[in-house]
2 protein chains.
Amino acid sequence: MVKGPDMLISEFARATDLPVDTIRFYIAKGLLKPERSAKGGANPYQMFRQEDVTAARMIRLQQTLGYSLGEILALNEEYRAGEHSPERTIEVLQMQIARLEERRAALDAALSFLRGKVEWIKAGKPDGAPRLEDYRC
Amino acid sequence: MVKGPDMLISEFARATDLPVDTIRFYIAKGLLKPERSAKGGANPYQMFRQEDVTAARMIRLQQTLGYSLGEILALNEEYRAGEHSPERTIEVLQMQIARLEERRAALDAALSFLRGKVEWIKAGKPDGAPRLEDYRC
DNA sequence: CTTGACCATGGAGCATAGTCCATACTTATA
DNA sequence: TATAAGTATGGACTATGCTCCATGGTCAAG
């Protein structure tokens with residue numbers, strides 16, 4: 001494990017393209033756990049590593065996929081809990097994969113519906129418009 | 001256009017599997033525009049048609065795909081505005097399709113990443129763990 | 001004509017996900 | 001050593017998307 005140079009919160013904000021306030025919000029929620037630097041006196045500065053950047057990217061990704069921060073936190077903690085058991089890790093990953101596949105199926109259905117509608121209009125709106133009910137999503 | 005029998009809000013709630021309060025909230029937002037029945041006196045009852053059921057399903061679908069109610073409203077109004085211009089209608093549909101395809105690409109990237117990680121673990125975690133940064137999402 | 005189920009309206013309250021201060025301390029630079 | 005820039009903390013505030021409730025009117029059955 002190569003340790004990249006730690007960074008302060010403003011640099012981390014640039015690295016992740018997230019507002020500082022949002023980062024602090026995620027820390028308060030337990031989604032990010034930066035180390036504390038020796039600097040900063042009574043309120044030590046938080047130091048972020050490269051893996052925190054990855055974690056932040058993962059959070060944003062999971063968010064776009066419809067997970068709430070609470071769910072993301074739960075998933076991440078479950079992941080950490082079984083970090084030293086490959087079987088458990090794979091199990092958690094498989095669950096996430098299954099959920100994403102469901103979402104993908106719904107998305108595909110929606111795309112089929114919209115494409116069907118475009119075709120139907122291009123065909124001059126013949127009888128039998130594509131019906132959303134016919135697409136499993 | 002076959003007109004199905006209209007229904008009152010509680011029946012509409014059953015048909016869409018949405019709480020009555022949520023339906024009223026959507027109406028207040030302008031996402032649903034039921035007709036008014038002759039019944040109800042000073043506060044006439046709202047009558048829902050089959051197309052409202054479809055609209056409600058569409059709203060929920062768009063929501064799972066990451067649209068806010070405001071965006072959904074804008075899209076729907078744009079759609080209605082160009083309802084009598086097939087070209088405009090197709091344009092709006094293509095925009096929605098493009099956006100969904102982007103989302104699909106991100107989802108696929110995430111799936112690849114997770115699958116790659118499972119494989120990597122099954123292979124006994126050799127050097128070079130899959131890195132999220134390598135997946136464009 | 002009463003009673004229970006249903007409807008409308010308006011407003012309060014809540015969870016999520018931030019966003020924005022005010023205050024105060026620390027550090028680097030001049 | 002003054003000063004600007006960066007940091008921490010706590011709390012207020014906002015937007016979105018509901019959810020709940022009080023009040024009061026309406027309707028259909030008995």
Side-chain angles (χ1 to χ4, degrees), chain A residues 5-49 52-53 55-77, chain B residues 5-49 52-53 55-77:
Chain A
D6 291 355
M7 46 190 145
L8 291 176
I9 198 166
S10 63
E11 192 184 343
F12 183 66
R14 278 191 298 279
T16 57
D17 202 34
L18 287 176
V20 168
D21 277 331
T22 299
I23 295 165
R24 290 205 235 265
F25 179 71
Y26 288 170
I27 294 167
K29 276 248 155 185
L31 286 161
L32 293 173
K33 298 189 201 265
E35 302 283 316
R36 291 297 181 151
S37 145
K39 293 178 188 168
N43 292 320
Y45 293 174
Q46 300 173 109
M47 303 301 296
F48 300 82
R49 292 145 302 179
D52 292 317
V53 175
R57 283 177 57 92
M58 197 64 203
I59 290 168
R60 295 310 256 193
L61 174 60
Q62 291 178 101
Q63 264 187 317
T64 72
L65 298 173
Y67 290 92
S68 72
L69 293 185
E71 292 172 310
I72 293 169
L73 179 62
L75 273 171
N76 290 1
E77 294 203 325
Chain B
D6 291 354
M7 46 188 146
L8 292 176
I9 199 165
S10 63
E11 192 184 342
F12 183 66
R14 277 191 297 279
T16 57
D17 203 35
L18 287 176
V20 168
D21 278 329
T22 299
I23 295 165
R24 288 206 236 265
F25 178 73
Y26 288 170
I27 294 166
K29 277 250 156 186
L31 287 160
L32 293 173
K33 299 189 200 269
E35 302 282 317
R36 292 295 181 154
S37 146
K39 292 177 188 166
N43 293 319
Y45 293 174
Q46 301 173 111
M47 302 302 296
F48 300 82
R49 293 146 302 180
D52 293 316
V53 175
R57 282 176 57 91
M58 197 65 204
I59 290 167
R60 295 310 259 190
L61 174 60
Q62 291 178 101
Q63 265 187 317
T64 72
L65 298 174
Y67 290 92
S68 72
L69 293 185
E71 291 173 311
I72 294 169
L73 180 61
L75 274 171
N76 290 1
E77 295 203 324

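Note that these values count all heavy atoms, side chains included, but never hydrogens, waters or copies made by symmetry. Lettering follows sequence order; numbering is per chain, from 1.
- Remark on the helix from C/dC1-D/dG30 to C/dA30-D/dT1: inter-end axis angle 10°, axes from five-pair C1' superpositions, rounded to 10°.
- Comparing B/Pro19 and A/Ile9 against DNA chain D, the residue whose closest nucleotide sits nearer the 5' end is A/Ile9.
- For the segment residues 57-69 of chain B, residues with any heavy atom less than 4.0 angstrom from an atom of DNA chain D are, sorted by number, B/Arg60, B/Gln63, B/Ser68, B/Leu69.
- No side-chain heavy atom of A/Met58 sits under 4.5 Å from any side-chain heavy atom of A/Ile72.
- In this structure, A/Ile23 and A/Ile27 have side chains that are in contact, with non-hydrogen atoms separated by less than 4.5 Å.
- In this structure a side-chain-to-backbone donor-acceptor pair under 3.5 Å is present from A/Asp52 to A/Arg49.
- Distance CG (A/Leu73) to C1' (C/dT16): 14 Å, rounded to an integer number of Å.
- The shortest side-chain heavy-atom distance between A/Lys29 and A/Leu73 does not fall under the 4.5 Å cut-off.
- In this structure, the side chains of B/Val20 and B/Phe12 stay at 4.5 Å or more apart for every pair of heavy atoms.
- Atom CD of A/Glu71 is separated from atom C1' of C/dA15 by 13 Å (rounded to the nearest Å).
- Taking every heavy atom of residues 20-46 of chain B and every atom of DNA chain D, pairs under 4.0 Å involve B/Asp21, B/Thr22, B/Phe25, B/Tyr26, B/Lys39, B/Gly40, B/Gly41, B/Ala42, B/Tyr45, by number.
- Of the possible donor and acceptor atoms, none in the side chain of A/Glu77 sits under 3.5 Å from a partner among the backbone N and O of A/Ala74.
- The side-chain heavy atoms of B/Phe25 and B/Leu69, taken from C-beta on, include a pair separated by under 4.5 Å.
- In this structure, B/Arg60 and B/Thr16 have side chains that are not in contact, with every pair of non-hydrogen atoms separated by 4.5 Å or more.
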query = Hey, mind stepping through B/Phe48 and B/Asp6 against side-chain contact (heavy atoms from CB on, under 4.5 Å) and telling me if it holds?
reply = CA-CA 5 Å; B/Phe48 300 82; B/Asp6 291 354; over 6 Å; no

task = Start with the C-alpha distance between B/Arg36 and B/Met47, add both sets of side-chain angles, then the distance that settles side-chain contact (heavy atoms from CB on, under 4.5 Å), and finish with yes or no.
result = CA-CA 6 Å; B/Arg36 292 295 181 154; B/Met47 302 302 296; over 6 Å; no

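- In this structure, B/Glu11 places its CD atom 14 Å from C1' of C/dC7, rounding to the nearest Å.
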